[in-house]
Peer 1: 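Before I ask anything, let me first share the structure, which is written out below as structure tokens.
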Amino acid sequence: MPELPDVEGFRRVAKQAAHRQVREVRVHDAQVLRGVGSEAFQRTLRRRYLAEPRRHGKWLLIGTAGAANAPASPPVVLLHFGMTGNLQWCPHDAELHDHDRVVFDFAAGELRYRDMRKLTGIHLAREQDEVDDLLAGLGPDAQQIEAAEFGERLTRTRRRLKPALMDQSVIAGLGNICVDEILWRARIHPNRSTADLTDDDLDRLYREMRAMLREAVRVGRVPDGPSWLTGHRDEPDRRCPRCSTALRRTRIGGRSTLWCPTCQPD
DNA sequence: ATGTCTGTTTCCTA
DNA sequence: GTAGGAAACAGACA
């Protein structure tokens with residue numbers, strides 16, 4: 001699930017905890033902690049205040065601030081949600097979910113990192129350099145990138161369009177669902193070569209990406225209403241919301257891909 | 001029961 | 001360089 005719009009939704013969840021003091025951190029499954037042990041993670045965060053959460057691509061970054069003798073560069077929590085992760089703001093008496101892996105406890109409530117499959121997890125950066133290292137491989141955020149750079153980065157390498165759009169080092173934030181939606185709206189076949197894209201193709205791609213993200217971010221996920229391709233993904237008789245052609249489902253770049261053979265000619 | 005599928009990422013080989 | 005497969009993981013489904 002979690003692509004840019006979902007993580008943007010999690011960012012709003014995390015805002016509930018901003019400027020609050022961590023009373024304690026409960027680690028129910030240390031496996032999701034990456035590159036840091038339970039003890040160190042808990043010790044580092046206990047009694048610190050969380051900052052306003054930020055997002056880059058599919059990463060959620062939560063800075064911290066200490067009350068006194070704050071280090072010049074305070075620790076930052078970096079969360080990735082893999083395929084099934086999410087963030088919940090719960091009252092203390094809400095029953096613990098089977099997949100609640102880490103719980104941040106505040107006087108006002110709890111922030112819970114919930115994830116069924118533990119494909120990715122939570123990192124702790126002790127200083128800004130470590131944040132930079134973790135995000136070093138990412139391209140510009142899909143919501144921030146400007147048209148010129150979008151075109152330049154996308155066409156920098158010659159490859160199939162869909163895997164290029166999903167490549168986090170090219171642009172950060174788009175996943176399988178977002179990309180299918182963008183390509184369908186821009187009327188471009190997912191298998192087209194980046195090298196063959198016209199300026200007009202690139203212009204449409206950029207504008208449809210922006211429009212799709214704006215709407216999806218508003219609701220905190222890619223909408224699945226009838227006018228969205230996503231809404232028809234799992235229907236038995238999938239038809240294009242625009243032209244009613246039977247949708248095709250194939251595999252591109254190892255990922256399940258939904259597209260309309262009429263709107264998106266090869 | 002066994003195999004296949006799934007919104008991610010990374011690592012390996014061709 | 002890019003493409004393809006496998007792995008990490010857990011569950012649903014045929």
Side-chain angles (χ1 to χ4, degrees), chain A residues 1-11 28-35 55-61 78-87 97-102 113-123 133-139 141-142 153-185 189-197 209 212-213 215-217 219-225 228-236 238 247-259:
Chain A
M1 178 216 295
E3 303 182 43
L4 187 157
D6 307 273
V7 180
E8 192 59 26
F10 304 154
R11 189 178 69 79
H28 296 282
D29 190 337
Q31 211 183 334
V32 302
L33 297 181
R34 308 296 167 118
R55 183 191 57 71
H56 187 98
K58 301 175 187 176
W59 286 88
L60 187 66
L61 290 75
L78 294 97
L79 304 98
H80 195 284
F81 300 92
M83 211 151 152
T84 52
N86 67 73
L87 209 54
H97 189 283
D98 274 358
H99 302 133
D100 284 336
R101 312 295 186 183
V102 175
Y113 176 83
R114 183 173 297 179
D115 190 19
M116 182 181 74
R117 296 163 78 172
K118 295 168 279 187
L119 290 174
T120 55
I122 303 176
H123 298 248
D133 287 347
L134 280 165
L135 304 185
L138 297 180
D141 184 82
R153 295 185 72 90
L154 201 58
T155 55
R156 181 182 291 177
T157 104
R158 179 189 196 89
R159 58 198 294 204
R160 292 175 307 168
L161 181 53
K162 172 159 177 175
L165 282 168
M166 287 206 309
D167 187 335
Q168 302 300 296
S169 71
V170 176
I171 304 160
L174 306 180
N176 200 36
I177 299 299
C178 283
V179 168
D180 278 3
E181 196 70 47
I182 292 164
L183 290 172
W184 174 72
R185 291 168 71 134
H189 193 284
N191 243 344
R192 286 269 303 277
S193 168
T194 52
D196 302 335
L197 295 172
M209 176 179 76
M212 189 279 292
L213 288 176
E215 186 59 19
V217 159
V219 298
R221 63 190 177 88
V222 179
D224 57 2
W228 290 69
L229 186 69
T230 306
H232 303 271
R233 207 165 178 87
D234 299 317
E235 289 174 353
R238 298 184 276 263
L247 294 169
R248 293 285 309 279
R249 184 132 180 191
T250 55
R251 209 157 191 86
I252 294 174
R255 310 304 301 279
S256 154
T257 302
L258 193 63
W259 52 283

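Reminder, nothing fancy here: chain letters follow the sequence lines and each chain counts from 1. None of these values were measured; they are calculated from a predicted model.
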Peer 1: Between NZ of A:K58 and CD of A:E3, what distance do you get to the nearest 0.5 Å?
Peer 2: 5.5 Å
Peer 1: Write down the distance between CZ (A:R101) and P (C:dC9), rounded to a whole number of angstrom.
Peer 2: 11 Å
Peer 1: Rounding to the closest angstrom, what is the interatomic distance between C:dA8 and B:dA1 at atom C1'?
Peer 2: 24 Å
Peer 1: Grab the NZ-C1' distance between A:K162 and C:dA3 for me, whole Å please.
Peer 2: 15 Å
Peer 1: How many whole angstroms separate atom CG of A:L161 from atom P of C:dT2?
Peer 2: 14 Å
Peer 1: Do A:H97 side-chain atoms and A:D115 backbone N/O form a donor-acceptor pair below 3.5 Å?
Peer 2: no
Peer 1: Could you tell me how far apart A:N191 (CG) and C:dG4 (C1') are, to the nearest whole angstrom?
Peer 2: 14 Å
Peer 1: Counting only side-chain nitrogens and oxygens, does A:K118 get under 4.0 Å of the OP1 or OP2 atom of C:dA10?
Peer 2: yes
Peer 1: I need a per-nucleotide contact map over nucleotides 3-14 of chain B, read 5' to 3'. Cutoff is protein heavy atoms under 4.0 Å; write B for the base, S for backbone only, - otherwise.
Peer 2: ---BBBB-----
Peer 1: Using atom CG of A:D115 as one end and atom P of C:dC9 as the other, report the distance to the nearest whole Å.
Peer 2: 12 Å
Peer 1: Under a 4.0 Å threshold between the charged nitrogen and the carboxylate oxygen, would A:E8 count as salt-bridged to A:R11?
Peer 2: yes
Peer 1: Whole Å only: how far is the CZ atom of A:R158 from the C1' atom of C:dA3?
Peer 2: 14 Å
Peer 1: Can you tell me if A:D224 and A:T230 form a side-chain donor-acceptor pair at under 3.5 Å?
Peer 2: no
Peer 1: If we take the C1' atom in both B:dG7 and C:dT2, what is their distance in whole Å?
Peer 2: 24 Å
Peer 1: Could you tell me the Watson-Crick or G-U partner of B:dT6, where both distances fall under 3.5 Å? Say none if there is no partner.
Peer 2: C:dA10
Peer 1: Considering just the side-chain nitrogens and oxygens of A:H99, establish if one lies under 4.0 Å of OP1 or OP2 belonging to C:dG11.
Peer 2: yes
Peer 1: Measuring centre to centre across the rings, with the benzene-like ring taken for any Trp, is A:W184 within less than 6.0 Å of A:H232?
Peer 2: no
Peer 1: Taking the side chain as C-beta and beyond, is there a heavy-atom pair between A:K162 and A:N176 under 4.5 Å?
Peer 2: yes
Peer 1: With a 4.0 Å cut-off on heavy atoms, is A:T84 in touch with a base, just the backbone sugar-phosphate, or nothing at all?
Peer 2: nothing
Peer 1: Rounded to the nearest 0.5 Å, how far does CE of A:M166 lie from OG1 of A:T257?
Peer 2: 7.0 Å
Peer 1: In whole Å, measure the gap between the P atoms of B:dG3 and C:dA6 for me.
Peer 2: 14 Å
